[in-house]
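Here is the structure we will look at, set down as C-alpha cells.
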There are 2 protein chains.
Amino acid sequence: MEYTVQKLAQLAGVSSRTLRYYDQIGILTPARVNSSGYRIYGQKEVDRLQQILFYRELGIALETIKEIMTAPSFDAEKALKEHREQLLEKRKQLDLLITNVEKTIASTEGRMDMSDQEKFEGFKKKMIDENQRKYGKEIREKYGQETVNQSNAKLMNMSQEDYEAVTKLEAEVREALAEAFATGDPAGEQAQKAAELHKRWLTYYWTEYSKEAHAGLAQMYVDDERFTAYYDKEQPGMAAFLRDAIHIYTGQK
Amino acid sequence: MEYTVQKLAQLAGVSSRTLRYYDQIGILTPARVNSSGYRIYGQKEVDRLQQILFYRELGIALETIKEIMTAPSFDAEKALKEHREQLLEKRKQLDLLITNVEKTIASTEGRMDMSDQEKFEGFKKKMIDENQRKYGKEIREKYGQETVNQSNAKLMNMSQEDYEAVTKLEAEVREALAEAFATGDPAGEQAQKAAELHKRWLTYYWTEYSKEAHAGLAQMYVDDERFTAYYDKEQPGMAAFLRDAIHIYTGQK
DNA sequence: ATTGACCTTTACGTTACGTCAAGGTTTATC
DNA sequence: GATAAACCTTGACGTAACGTAAAGGTCAAT
C-alpha cells in the first residue's frame, strides 16, 4: 500500500505539515518521490512513523528519536517492548494524578486535609531530573553515571554486545584507576590510561565528546556525593584522584 | 505558608522561569512582592498553580486556561471534577495505546496480523466535544461558525471531503430546521429530520455519540446565549425548538 | 478546458518556556 | 565586617515542533 502525504497523515492522525517537517529533518523520508515531486510513502515508512509516534508520545525529542532509530544497533522489536514498559510507567503516573485530583476534591469538600506537597503529586514525572539538577548543572543529569548504565542503555537502544562492552569497559576503568591510585600520581602513565579508558566508556553514552564536558563530569564526581560514594567505595579519595587525572588528560585547569 | 519563586517551583516540580513566565502572562501573579522586588506566593497561589497544572496536563493552552480560570463563572470544585473525568478519559486512551503496542509486538513476532489503521490506534486525540462545549466558546463567538468548522476540521485532521461534507450538512440542518420551525411541531416529520441531520453533523466531531450527550448539547443551545444567538438569528425561538426536537428524537425528557 | 482538490517550496509566526547577561539582595562563613 | 555563595530581579535572545499563508505546479473529473 502506497500513501501520499495527506493519506498517510490521515491514517496516522497527524498533519501533512508534520510529515513534511519530518522529511525536512530527515527523521522520516518518503520511499520515493514521483515524477511531479510528490512524496510517496510505503509500508516501511508506515511502520517507522508508528515507532516515531510511540517515542514522541513518551516525550522524546525528535532529534533524539532520530539518533536512536538511525543507530546501527537499533532493534525495532526491543524498542516496542521498551515502549510498552514506558507506557505502563506513564499509566502509573496518571493514576497518581487521578488519586491527587480525587484527594483534592475531598479536601475542598472538607473531607480531608492535604499538604502542599501532596497537591503536586503525580505531576512529578520530571521531578527526578529536577532533583538531579539541584546537584549538578548541565549535561550532568543527562549523562550522569549509574542510572545511565541502565536507563540510557535503554534509551540508546543498545544491543547486548554494546551493553557488554560498556560494562566491561567500566570494569577496566575501575581496575586501571585502582592501579593508578596506588602510584599516587594523577599525571602518571597509569592514571592517564585510566582517564583514556574513561573517555572510551563515555563515548558509548555521549553523542559527541568534548574535553570541557569530560572535565565537568569529572568535577561532578567530586561534588556530588552519590558519585563520590561510588568511586570512593574501595579507596577514599579515588573520585578526586580521577578528577585530577581527567583534568590533566583533557588539559583543563 | 509563603514561598519564594524557587521554593514554589521546587514544590510543584516546575522551573522558576516557568513561574516568572506565568506572572508575565498574568496567569499566576504572586500574592505580593516584598521591598526588594521578590515575588512571594501564598496559599491561594499554590492552589491556583495546582489547577493550572491540571489543565496543562490535559494539553490546554495557557491562554485558554487563563480565560477559563478568570471567568466569573469559574468554579474550582467543578473544574476538579472535570479534571478527573478528563484524566480518566486520558487513561482510556493510554490503554488503547498499550493495546496497540502489544498487538504490534505480536505482529512483528508473526503471531498476528495488523492493518495500517490499527497501527495508529490510540494516538489520535479525542476531546473534541469537550473542546467544543467548554473551551471553544469564545472562539465560536469571535469568528463565527465558518472558522469554527475550519478549526475543528483541523483539530480532527479532517480531509477536504469531510470538511465539505460537514459544511454542507450544517447548511442542511439549518434548512430543515427552518422548514420544521414553520410547522411549529417539534415532534413532526420535518423536525425529526432536522434532529437526525444534526446528529449526523455531530458525529463528525464527536468520537462517540450518545443520546444523553446529544440532549445535553441541545439544552445548552438554549442555556448559552451565544449558541442561542446563532440559532435564533433568523427566527427567535429556533434554539428552543431545536432543543425540543432533539429531546424528542433522543427520547429524553 | 476548466475546476477544485491535491501537491510542492519558501518563509514567517507561535507557544512555553530555556538560557545567558547584568546586576541587586540575603545568608552563611571566614 | 568583609566576602563569597546563593538567592532574587528584569531584559532579551534562542528553541522545538510545528501552524499558517503565499505562490505556484499537478491530476481527475466534469
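Numbers restart at 1 for each chain; the letters A, B, ... are given by sequence-line order, proteins then strands. Below, each value reflects all heavy atoms present in this structure, side chains not excepted, and no hydrogens, waters or symmetry copies.
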Without hydrogens or angle criteria, can the side chains of A:Q43 and B:D116 be said to hold a donor-acceptor pair below 3.5 Å?
yes
Of the non-hydrogen atoms in A:I68 and A:Y55, which two are nearest, and what is the gap between them?
CG2-OH, 3.5 Å
NZ/A:K7: more than 12 non-hydrogen atoms of other groups inside 6.0 Å
no
What nucleotide among D:dC18, C:dC7, C:dA16 has an atom nearest to a side-chain atom of A:T4?
C:dC7
Give a yes/no on whether any side-chain N or O of B:S36 is located under 4.0 angstrom from OP1 or OP2 of C:dG24.
no
Interatomic distance, A:E63 CD vs D:dA17 P [rounded to whole Å]:
8 Å
Correct closest heavy-atom pair for B:K81 and A:I105 would be CG-CD1, 3.8 Å
Provide, to the nearest angstrom, the distance between the CG atom belonging to B:N34 and the P atom belonging to C:dT27.
10 Å
Between D:dC7 (P) and B:L8 (CG): distance, integer Å
15 Å
Measure the spacing between CD of B:Q6 and OG of B:S15 and express it to the nearest 0.5 Å.
9.5 Å
A:Y55 OH to D:dA16 C1', in whole Å, measures 20 Å
Less than 4.0 angstrom between a side-chain N/O of B:R39 and OP1 or OP2 of C:dT25, yes or no?
no
What's the CG-C1' distance between A:L28 and D:dA17, to the nearest Å?
15 Å
Is the phosphate of C:dA16 approached by B:T18 (side-chain N or O, under 4.0 Å from OP1 or OP2)?
no
Short side-chain N/O contact to D:dG19 OP1/OP2 from A:Y21, under 4.0 Å:
no
Would you name the heavy atoms of B:Q51 and B:A76 that are closest together and state the gap between them?
NE2-O, 3.2 Å
To the nearest Å, give me how far apart CG (B:L19) and P (D:dC7) are.
15 Å
Tell me which of A:S35 and A:I25 sits closer to the 5' end of DNA chain D, going by the nucleotide each one is nearest to.
A:I25
Need the bend value for the helix from C:dA1-D:dT30 to C:dC30-D:dG1: angle between end axes, 5 pairs each end, nearest 10°.
10°
Taking atom types as they are modelled, is there a donor-acceptor pair under 3.5 Å from the base of D:dT9 to the side chain of B:R20?
no
Between B:R56 and A:V5, which residue's closest nucleotide on DNA chain C lies nearer the 5′ terminus?
A:V5
If the cut-off is 4.0 Å, is A:S16 near the phosphate of C:dC7, judged by side-chain N/O to OP1 or OP2?
no
Less than 3.5 Å between a donor and an acceptor, one on the side chain of A:Y38 and one on the base of D:dG25, is that the case here?
yes
Between D:dA17 (C1') and A:L53 (CG): distance, integer Å
13 Å
Measure OH/B:Y3 against C1'/D:dC8 and give the value in whole Å, please.
19 Å
Determine the minimum heavy-atom distance between A:L8 and A:Y41, stating which atoms define it.
CD2-CG, 3.6 Å
Please state whether the phosphate of C:dC7, meaning OP1 or OP2, lies under 4.0 angstrom from any side-chain nitrogen or oxygen of A:R17.
no
N/O (side chain, B:Q6) to phosphate O (OP1/OP2, D:dA6) under 4.0 Å
no
Drop me the distance from B:L88's CG to B:L94's CG, to the nearest 0.5 angstrom.
12.0 Å
